[in-house]
Protein chains: 2
Amino acid sequence: MNQEEELQKQSYDVNKYRTPDGAPADIVMFTITKRERKMMTKMLPIYELKVMLIRRRKWPCAGLWALPGGFAGENESMHGAARRELKEETGVDGGHLEYLGVYSKPGRDPRGWIISHAFFALVAESVLEKRRAADDAEAVGLFTIHEALNELELAFDHRDIIEDAYRRIQLQMLQTTIAKQFLPEHFTLGELYQVIKTVVPDFEEPNFIRKITSTRSRKGILEEVRDENGKKLSSNQYSQRPAQLYRFTDIVPKLSIYT
Amino acid sequence: MNQEEELQKQSYDVNKYRTPDGAPADIVMFTITKRERKMMTKMLPIYELKVMLIRRRKWPCAGLWALPGGFAGENESMHGAARRELKEETGVDGGHLEYLGVYSKPGRDPRGWIISHAFFALVAESVLEKRRAADDAEAVGLFTIHEALNELELAFDHRDIIEDAYRRIQLQMLQTTIAKQFLPEHFTLGELYQVIKTVVPDFEEPNFIRKITSTRSRKGILEEVRDENGKKLSSNQYSQRPAQLYRFTDIVPKLSIYT
DNA sequence: CTAATAGTGTCTGTGAGACAATATGGT
DNA sequence: ACCATATTGTCTCACAGACACTATTAG
């Protein structure tokens with residue numbers, strides 16, 4: 001650094017300006033719960049998209065439900081803070097964690113100028129159940145997206161965040177292969193279809209199997225699971241007739257409105 | 001607020017924690033320049049995707065090229081700050097301005113703990129030229145994306161930001177109708193094709209006109225321009241044979257890998 | 001046999017892809 | 001006539017969409 005630079009540096013005062021009072025990472029944790037239907041005969045379970053919320057104990061917004069999260073420290077990135085929080089809350093390290101956006105509307109947090117960073121995570125149902133058992137069950141809730149948005153009083157602007165996250169996960173569900181986060185390694189097309197419909201209720205594709213098993217454009221994102229002898233594997237967990245098992249390949253589909 | 005809440009509030013000290021030293025909004029301003037080729041006969045112009053950069057005068061990173069931007073204030077959202085900066089820099093109020101992401105890697109800014117918010121904007125070439133004329137031309141540069149990424153020394157982590165913005169605009173170009181930001185109200189399919197190819201060089205569609213003018217799935221995003229008598233309008237600005245003019249409709253295309 | 005899910009047959013229409021052929025109008 | 005660009009003709013094959021039909025197996 002030359003002399004002039006050194007001079008400029010010394011004349012810079014970081015405290016000259018009003019600075020933010022904190023930058024938390026808040027995480028919308030989604031899971032899909034499966035509820036077996038009690039029936040004589042095998043049936044597909046009922047799937048529901050759920051969100052984990054925490055009941056706040058302290059000011060501000062004490063008593064309201066809020067997204068899990070916490071303030072980032074000086075020596076971590078926002079993404080790092082989110083990963084840390086996710087691990088603290090669920091014990092999960094890894095899994096799908098994705099940045100959603102920044103929430104910075106003035107006055108959104110009575111503590112001051114708090115710029116919040118929202119993420120969303122997709123975790124297995126079992127993980128959240130564990131978390132719920134470990135902690136005070138009173139303070140941890142798993143709600144359907146509908147309950148969270150329409151029936152709960154939420155802290156800060158967390159309703160906006162959850163709405164945005166819901167829109168985003170619906171987009172992703174149709175445009176990427178995140179469905180795999182909600183499915184076992186091997187799954188039937190019936191399961192895949194149910195998972196998609198759970199996240200995107202409007203999704204209707206009467207000929208789903210037909211399309212998924214043909215189609216040049218989609219070709220490659222799914223492949224049949226075979227055993228070591230090359231024989232196709234199937235499952236009859238949810239149906240009398242065994243269904244072919246599939247897995248996602250590593251192919252990343254590219255979509256375009258002009259192609 | 002009841003008594004207990006009041007108590008908790010008073011015991012909360014915002015200064016108890018280390019807080020960020022600032023939250024700037026940085027904007028990647030894209031434009032597409034058109035260069036007419038000097039030829040006897042009419043030809044399509046050469047299109048280039050460019051980025052506006054500013055040469056920093058002060059510490060830190062004095063002398064390096066940086067994205068235009070500035071710190072957000074306490075009474076504005078990050079998006080508001082970006083809109084304000086965009087207006088200050090270009091005079092443009094409106095246009096396409098979109099959030100890109102947060103850049104918060106520790107040590108990214110020698111001034112301290114600075115959490116930067118990147119946006120990208122698409123503006124008309126004429127606007128940036130005006131800006132360049134108004135200001136000290138030395139300090140404002142318009143570079144091709146290739147120059148910016150490979151030949152320039154950039155401040156902070158702005159290279160990462162520009163790379164991310166480039167990836168994002170390429171995605172958007174194929175999956176949304178942002179191409180309209182780079183086109184006049186009415187345009188020919190040749191122009192549209194060139195704009196797409198400028199942003200996404202890999203895009204190859206030999207039968208472009210064919211597909212765009214048929215196709216069930218894309219149907220609706222474009223429509224022919226007609227005069228008040230319903231006669232189709234055409235332009236021969238870039239070709240001898242006049243070409244049909246089109247405009248984007250308001251239809252938002254929905255893409256899915258499963259449909 | 002029945003119930004519930006998995007998967008195929010069949011038929012029609014239309015788009016994709018390739019490429020050749022033709023249209024337009026300034027120079 | 002020539003050129004660069006715009007647009008249509010033509011042909012084949014694959015897929016979309018609809019819907020009825022068959023397959024599988026526990027109970």
Side-chain angles (χ1 to χ4, degrees), chain A residues 34 36-47 186-197 203-222 224-225 231-246 253-259, chain B residues 34 36-47 186-197 203-222 224-225 231-246 253-259:
Chain A
K34 275 197 306 204
E36 310 289 336
R37 286 184 284 185
K38 305 283 173 297
M39 289 253 141
M40 288 306 93
T41 164
K42 288 184 189 172
M43 282 181 75
L44 286 172
I46 294 170
Y47 287 88
H186 301 161
F187 52 87
T188 66
L189 295 184
E191 288 179 278
L192 172 59
Y193 187 55
Q194 290 308 315
V195 165
I196 298 172
K197 290 222 22 147
F203 186 77
E204 289 288 342
E205 206 58 61
N207 256 336
F208 186 69
I209 293 183
R210 245 319 163 40
K211 303 183 82 161
I212 224 59
T213 54
S214 61
T215 309
R216 224 192 323 255
S217 33
R218 268 68 87 207
K219 193 175 56 191
I221 69 167
L222 293 178
E224 294 151 345
V225 180
K231 212 163 124 242
K232 293 183 184 175
L233 288 179
S234 54
S235 152
N236 66 343
Q237 185 177 9
Y238 298 125
S239 65
Q240 316 300 16
R241 172 170 174 173
Q244 174 63 47
L245 287 171
Y246 286 82
K254 294 190 196 328
L255 293 172
S256 160
I257 59 176
Y258 301 114
T259 300
Chain B
K34 273 196 310 201
E36 310 289 335
R37 286 185 285 185
K38 306 283 174 296
M39 291 251 139
M40 288 303 93
T41 164
K42 288 183 189 173
M43 281 183 76
L44 286 172
I46 294 171
Y47 286 88
H186 301 159
F187 51 88
T188 67
L189 296 183
E191 288 178 278
L192 173 58
Y193 188 55
Q194 290 308 316
V195 165
I196 298 172
K197 291 222 24 150
F203 186 76
E204 289 288 343
E205 206 57 61
N207 254 337
F208 187 69
I209 293 183
R210 244 324 163 34
K211 303 182 82 161
I212 224 59
T213 54
S214 59
T215 309
R216 222 191 325 254
S217 31
R218 270 68 88 206
K219 195 175 53 188
I221 68 167
L222 293 178
E224 294 151 345
V225 180
K231 215 165 120 237
K232 294 183 185 176
L233 289 179
S234 54
S235 152
N236 66 342
Q237 183 176 10
Y238 298 124
S239 66
Q240 316 300 16
R241 172 168 176 175
Q244 174 64 46
L245 288 170
Y246 285 82
K254 295 190 194 328
L255 293 171
S256 161
I257 59 176
Y258 300 114
T259 300

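Letters A, B, ... are given to chains in the order of the sequence lines, protein chains preceding strands, and every chain is numbered from 1. No hydrogens, no waters, no symmetry mates; every other heavy atom, side chains included, goes into these values.
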Starting at atom [atom1] of [X], determine the distance to atom [atom2] of [N], rounded to an integer number of angstrom.
{"X": "A:K232", "N": "C:dA6", "atom1": "NZ", "atom2": "P", "result": "16 Å"}
{"X": "A:K197", "N": "C:dT5", "atom1": "NZ", "atom2": "P", "result": "13 Å"}
{"X": "A:K211", "N": "C:dG15", "atom1": "NZ", "atom2": "C1'", "result": "13 Å"}
{"X": "B:E205", "N": "C:dG15", "atom1": "CD", "atom2": "C1'", "result": "12 Å"}
{"X": "B:N236", "N": "C:dG26", "atom1": "CG", "atom2": "P", "result": "7 Å"}
{"X": "B:E204", "N": "C:dC19", "atom1": "CD", "atom2": "P", "result": "14 Å"}
{"X": "A:L222", "N": "C:dG7", "atom1": "CG", "atom2": "P", "result": "13 Å"}

Using a cut-off of less than 4.0 Å, is there contact between a side-chain N or O of A:S214 and OP1 or OP2 of D:dA14?
no
So salt bridge (charged side-chain N to carboxylate O under 4.0 Å, His left out) across residues 232-243 of chain A, not counting sequence neighbours, yields A:E224-A:K232
Heavy-atom contacts, protein to nucleotides 2-11 of chain D, under 4.0 Å, summarised as B (base), S (sugar-phosphate only) or - (none) per nt, yield --BBBB-BB-
[X]: side chain to side chain donor-acceptor pair (under 3.5 Å) partners, not counting sequence neighbours:
{"X": "B:Q240", "answer": "B:T41"}
{"X": "B:E36", "answer": "none"}
{"X": "A:Q237", "answer": "none"}
{"X": "A:Y238", "answer": "A:K34"}

Shortest non-hydrogen pair, B:Q194 vs B:L44, comes out as NE2-CD1, 3.7 Å
